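Remarks on the structure that follows.
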Amino acid sequence: MMDFKISKDANHRQEYDRKHIWHPYTSMRHPLPAYMVSRADGVYLELDDGRRLIDGMSSWWTAIHGYNHPRLNTAVAQQLSSMAHVMFGGITHEPAIALAQRLISLTAAPLQHVFFCDSGSVSVEVAIKMAIQYWFAAGKTKKQRLLTVRGGYHGDTFGAMGVCDPVNGMHQMFTGVLPQHLFAPRPKPDNGTWEDAWIAEFKELLESHRDEIAAVIVEPIVQGAGGMNIYNAEYLRQFRRLCDENEVLLIFDEIATGFGRTGRMFAYEHADVVPDIICLGKSMTGGYMTLAATLASTKVAEGISADGSGVLMHGPTFMGNPLACQVAVESIDLLLESPWEDRVNAIEQQIAKELAPCCQLPVVDNVRNIGAIGVVETRTPVNLSRIQKRFVENGVWIRPFGKLVYIMPPYIIEPEQLSTLTSAIYNVLEEWGKESD
Ligand SMILES: *Cc1c(COP(=O)(O)O)cnc(C)c1O
C-alpha cells in the first residue's frame, strides 16, 4: 500500500496544492493563494481556520439556494441509493425525463427538445453543432460560421472559445486553431435609451455574410465573465428580427443568467423574444454538480434530421447523469416553490441602494446592477491577492477580476448578510483609494 498521508498541517496541504494543482486561470510558477474551505452551509463558506465568510459569488452563479441544503442533499442521497450513473445510449431513466419536463415547461413554447451535457462549455459546443447541422441538412453547407458580439464569454473549450471576446479570450494565442467567426461591437451598457445606430454594424455584418452564417450566439441582457455588461433588451428584439430576415438561427447562452438571476426566470423574458436554441447550466443543479442542457426548437431538431438519416453527432460518456439530473429536478422545484421573484427583486433594490455610494469613491468608475447581480467597476485593475485578503478579513467571499468587483449572492441571503457584502465592498475600495493617495 502506498501512503498518501499529507501532514494535517494546513500550511503543508496548501503548499502541496500550490505546487501541484492548477486552479482556474492561474500560473504554476506564481499562483495566487488559494483559501482552504472545509465546509459550506447556507450562505457561509467556512475556512479551515474556522473563519466563516458570507458568500457573494454563489460559487460562480451556481449555489442559488445556498450550500448544504437539506432537500438537495436528500435528492442526491436518494438517487445514489438506486443508481449513480448508467450510460444514456439506448437507456433512459426517470431523473432525465423529469428534468426534461421541467426545462421544456419553463422555457418558451417552441423549445421542445433537450440535449443533456456535462458542462456549460459543452452545451455551447452542442448548440453550435446543432446550428451547423441544421443548415447542412437543409443543403446550405456553406453556413458554418457564427456571428456574435464583443465582450462575450461562452466557455473555455475551443468551439466556445471561438465565440468569446477575441481580446479577453486571447484569440491571438490560438490563431490557426480557432474557427474564424464574426464579431459585432459590444452592446452599449444600458442607460435606458435606444438608438438604431447601435445595431448598424451587427446588421451590416449579418447581411453581408448571411450565406456563411449558421447562427448568432449571445448572452441575453447580461454579458457575464466577458465583462459583466448589462445591456438594453431592445438589442434582443433587433437580434431576433435581423436573424429572421436573414435566415440565421439565434442561440441564447443563458448559462449564467438562467433560473431567475436577472429577476426573470430567463433573461430573454425581459425582451419577450424566443431563441431557436438555448444553453442552460450553472445554477441548474443548485450548485451541486456539473450539468448543462441545450434545448432546441422543433424546427431545429427536426431540421437536423431532415433527410431521415441525419443524427445529432454528440454523445458524452456521462450524458444525463442521474445524480445530476435528480438534484437539478429538486433545485428547480425548490426554486418554483420559493418566492424567488420577490427575493431577487428585494436583492436588486438593496444592491442598488447600498452600492450607489461606491460611485463617490475615487477608485470607482461606475456601479451597475440587475436582479441579484451587483457590479462595481474600478478605474484600474485590482490587485487581486491583496483585495481578496482584505475581503476575507472583512468576513466575505468576493472574487474580483480585472476592474470588476461584483457580487451575485445566493437568493436566500438575508438583508443583513447582503449589507455585510456591500459594506465590505465600500470599505475595501475606500481603503484602496486612501493607500493610493
Ligand atoms: C460559465 C459559462 C459558460 C461555461 O460553462 P462551464 O460549465 O464553465 O463550461 C458558458 N457560457 C456562459 C454565459 C457562462 O457564464
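Just follow the structure's listing: the first ligand is 1, and inside any ligand the first atom is 1. Side-chain atoms are counted along with the backbone in the values below, which use heavy atoms only and exclude waters and symmetry mates. Just so it is clear, the structure is predicted and the values come from calculations on it, not from any experiment.
The shortest side-chain heavy-atom distance between N394 and L53 does not fall under the 4.5 Å cut-off.
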Table of N or O contacts for ligand 1, cutoff 3.5 Å:
{"from": "ligand 1", "atom 1": "5 (O)", "to": "S121", "atom 2": "N", "distance (Å)": "3.4"}
{"from": "ligand 1", "atom 1": "7 (O)", "to": "G120", "atom 2": "N", "distance (Å)": "2.9"}
{"from": "ligand 1", "atom 1": "9 (O)", "to": "G120", "atom 2": "N", "distance (Å)": "3.4"}
{"from": "ligand 1", "atom 1": "9 (O)", "to": "S121", "atom 2": "N", "distance (Å)": "2.7"}
{"from": "ligand 1", "atom 1": "9 (O)", "to": "S121", "atom 2": "OG", "distance (Å)": "2.6"}
{"from": "ligand 1", "atom 1": "11 (N)", "to": "D253", "atom 2": "OD1", "distance (Å)": "3.4"}
{"from": "ligand 1", "atom 1": "11 (N)", "to": "D253", "atom 2": "OD2", "distance (Å)": "2.7"}
{"from": "ligand 1", "atom 1": "15 (O)", "to": "K282", "atom 2": "NZ", "distance (Å)": "2.6"}

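The side chain to side chain donor-acceptor pair (under 3.5 Å) analysis of residues 219-237, with sequence neighbours excluded, yields the pairs D190-N232, Q223-N229, E234-R237, E234-Q238.
Residues H23 and D17 bring a donor and an acceptor atom of their side chains to less than 3.5 Å of each other.
For NZ of K129, the number of neighbouring non-hydrogen atoms (other residues, nucleotides, ligands) closer than 6.0 Å is greater than 12. For CD of Q172, the number of neighbouring non-hydrogen atoms (other residues, nucleotides, ligands) closer than 6.0 Å is 12 at most.
Among T157, V126, I255, the single residue meeting the side-chain contact (heavy atoms from CB on, under 4.5 Å) criterion with S121 is T157.
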